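Have a look at the structure below, then the notes.
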Amino acid sequence: MIDIKLLRQDPSGVAAQLVRRGFRMDLEWYVSQEAERRTLQMALEDLRKQRNEGSRKVGELKATKATPDELGMRLEKLAKLDRELVAADQAFRKLSATLEAFYLTLPNLPDSTVPEGMDESANQEVRRWNTAPDFGFEPRDHVELGEMIQGMDFSSAREMTGARFVVLKGILARLQRALTTFMLDWHAREYGYEEVYVPHLVNRQSLTGTGQLPKFESDLFRVGPDVDWFLIPTGEVPVTNLARDHTFLRSELPKRWVAHTPCYRSEAGSYGKDLKGMIRQHQFEKVELVQITLPEASPQAHEQLVEHAESILIQLELPYRVMLLCAGDTGFASAKTYDLEVWLPSQKRYREISSCSNFRDFQARRLNARWKEDAKSKPDWVHTLNGSGLAVGRTLLALLENRQDEGGGISIPSRLQPYLGGIHEIRSGAKVEHPPG
RNA sequence: GGAGAGAUGGCUGAGUGGUCGAAAGCGCUCCCCUGCUAAGGGAGUAAGGGUGAUUAAGCCCUUCGAGGGUUCGAAUCCCUCUCUCUCCGCCA
């Protein structure tokens, strides 16, 4: 949620900022509703004051045994006041609810360093690492490679569930697990992230806190009808909610958490997109990085977070580039986002494998996540950040595609070999063996 | 799934329908005393919001798990819900 005080003070300034990301705020409507809110609230509070004073008088009169007449008059006046109060209270509540709902639909203000633009064509490349491999033959896509290895089974998944699921077998199932473990170990050891294990089902409040609700319910799988729980679309939701209703001391920050979770997305509205292969699935594994920082520390923490995610790609020797998203392409809750894009030889282009965002105090307000200098000082909102470090499924397919040889074999990056029992390559067509180890 | 207990300020924990935003203690802040430490004495110490000149004083409203209700008036009485704990059953 954006700062409501700022919105009240400078509605047109806020509206102008939101236009940068293609969001049209109904300024005229808001200004009139806000004026109404102010009037109603002042009237309501005045009525309550009168009621409180009146009730106190009644108490005093009863204590001093006043005449029944005087008491009766008082009570009659209060009854009349009460009718007014109920009406005023209802009107104010209704308007408050309307405004509250409105606030929740406002996206975050884009950071001043975010480039102008409405879609991904305006995103800026920040840097690039490594170059696309020169194969000297026509590279296969991961679906074909997966079949040759006999480790990727889309038809079984389709039969038991439906489209956009996959079954991994043998060495590829183990490869996914190895990647996951490697990422967790790496972030914990190299950068001091605390590993956390979290629920994969969350309630409505958690999703509202991080910003997926109320606007994006159609992207989620709901578990119903007995409980109002949702499958998490990203580990960001449960991990960031660790900070909910919490006041951190300065000395506790920054918090760095890393978690491995499955992610579930309905992918409503992406019909026809990336139908083939493991690029876009209803279920995928992700290692998620989350940081809670002091407000002044978040820009630097954001840059570091991106480097943490990048380091995985470097360790795995995968070519990638870093993109700074333009205002219009930046997600609802984010003030600034860098995407990491890995090279996919079969598509001859870069595809998103990580998204690293600084939400500033947007999620913190919704989550009531605060910090304070010490026990006696006043609390203020923390800043929250997160990034994929990385999307495991996409990392797996990028590895297959970028490290294939002409016969469909896959060489394992040295960093990963210890996690796979020391093997150097996956031999295509060979019998699927579980490596020792 | 069955039975029971509970939810009050940073923490522990009182609370009779009417100056209760709430006793007391702990913690914390400031002051006094004191070679140091320890101990002692005094004062202060919830949050959110409105208004005020957006950031002062002041004034006011709200908040005792959440939401309803009774009442002129609710932490206190009634109803519903959520959560926590204990015991039994079941289970990885």
Side-chain angles (χ1 to χ4, degrees), chain A residues 1-14 30-31 33-100 103 109 197 199-209 223-230 238 241-252 295 361 364-382:
Chain A
M1 197 148 80
I2 62 170
D3 182 358
I4 302 311
K5 279 188 179 156
L6 177 68
L7 180 64
R8 282 180 187 157
Q9 182 189 322
D10 183 20
S12 52
V14 167
Y30 168 71
V31 169
Q33 296 297 298
E34 168 55 19
E36 179 72 6
R37 184 228 104 222
R38 189 185 137 105
T39 309
L40 282 177
Q41 184 166 349
M42 284 167 69
L44 174 64
E45 288 187 356
D46 184 58
L47 286 170
R48 283 210 271 235
K49 184 185 170 190
Q50 290 181 47
R51 195 240 359 238
N52 291 347
E53 283 170 353
S55 292
R56 203 173 309 132
K57 270 276 166 42
V58 169
E60 279 171 27
L61 287 177
K62 280 201 166 172
T64 57
K65 301 199 168 54
T67 63
D69 279 4
E70 199 178 345
L71 198 63
M73 235 178 65
R74 282 271 172 204
L75 291 180
E76 204 175 304
K77 262 174 76 179
L78 278 172
K80 198 179 144 216
L81 187 68
D82 198 54
R83 282 193 293 277
E84 279 181 70
L85 198 98
V86 166
D89 188 54
Q90 274 176 1
F92 178 68
R93 276 196 206 210
K94 198 173 158 208
L95 183 59
S96 297
T98 304
L99 280 169
E100 196 61 34
Y103 298 148
L109 303 175
Y197 171 79
H200 302 162
L201 290 165
V202 292
N203 59 31
R204 211 166 261 282
Q205 203 187 341
S206 295
L207 286 154
T208 305
V223 178
D226 301 332
V227 285
D228 200 23
W229 289 345
F230 295 82
N241 269 276
L242 285 172
R244 187 159 101 194
D245 292 322
H246 198 270
T247 302
F248 297 89
L249 295 176
R250 171 185 276 273
S251 55
E252 296 175 282
D361 58 9
R365 286 173 203 285
R366 291 171 163 236
L367 291 163
N368 186 33
R370 302 179 296 172
W371 75 280
K372 54 185 179 181
E373 190 70 43
D374 52 56
K376 82 173 233 186
S377 48
K378 270 194 88 124
D380 189 16
W381 307 114
V382 295

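None of the values given here were measured: they were computed from a predicted structure. Numbers restart at 1 for each chain; the letters A, B, ... are given by sequence-line order, proteins then strands.
Checking the phosphate oxygens (OP1, OP2) of B/G18, no side-chain nitrogen or oxygen of A/R51 falls inside 4.0 Å. One finds a side-chain N or O of A/R38 lying less than 4.0 angstrom from the OP1 or OP2 phosphate oxygen of B/U51.
For the P atoms, the distance linking B/U70 with B/C79 amounts to 15 Å, nearest Å. Look at the C1' atom in both B/G25 and B/U8: the space between them is 15 Å, to the nearest Å.
Pair check for B/C64 finds none; no Watson-Crick or G-U wobble contact set falls under 3.5 Å. When both distances must be under 3.5 Å, the Watson-Crick or G-U wobble mate of B/A24 is B/U12. Across all strands shown, B/U76 has no partner, as no Watson-Crick or G-U wobble contact with both distances under 3.5 Å is found. Applying the Watson-Crick and G-U wobble criteria (two distances, each under 3.5 Å), B/U37 pairs with nothing in any strand. The partner of B/A53, taking Watson-Crick or G-U wobble pairs whose two distances both stay under 3.5 Å, does not exist in any strand shown. B/U82 is paired with B/A7 under the Watson-Crick or G-U wobble criterion, all donor-acceptor distances under 3.5 Å.
Among the atoms of the strands shown, none is found under 4.0 Å from any heavy atom of A/R204. Note on A/R56: nothing from the nucleic acid sits closer than 4.0 angstrom, heavy atoms only. Residue A/D46 is out of contact with every strand shown, counting any heavy-atom pair closer than 4.0 Å.
Sequence order on RNA chain B of the closest nucleotides to A/R93 and A/Q41 puts A/Q41 first from the 5' end. Both A/N52 and A/M42 sit near RNA chain B, but only A/M42 has its closest nucleotide nearer the 5' end.
Ring geometry for A/H246 against A/F248 counts as tilted: the plane angle lies between 30° and 60°, on a 0 to 90° scale.
Counting to the nearest Å, the P atom of B/C72 and the NZ atom of A/K57 are 19 Å from each other. For A/Q9 and B/G52, the CD to P distance is 13 Å, given to the nearest whole Å. Look at CD on A/E76: it is 18 Å from C1' on B/G73, rounded to the nearest Å.
Using a 4.5 Å cut-off on side-chain heavy atoms (C-beta onward), A/R8 and A/R37 make contact.
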For this session: Take A/S206 and A/N203, measure what side chain to side chain donor-acceptor pair (under 3.5 Å) needs, and give me the verdict at the end.
Result: CA-CA 6 Å; A/S206 295; A/N203 59 31; 3.2 Å; yes
Problem set entry | Candidate pair A/D380 and A/K372, rule side chain to side chain contact (heavy atoms under 4.5 Å, CB included), full reasoning | CA-CA 6 Å; A/D380 189 16; A/K372 54 185 179 181; over 6 Å; no
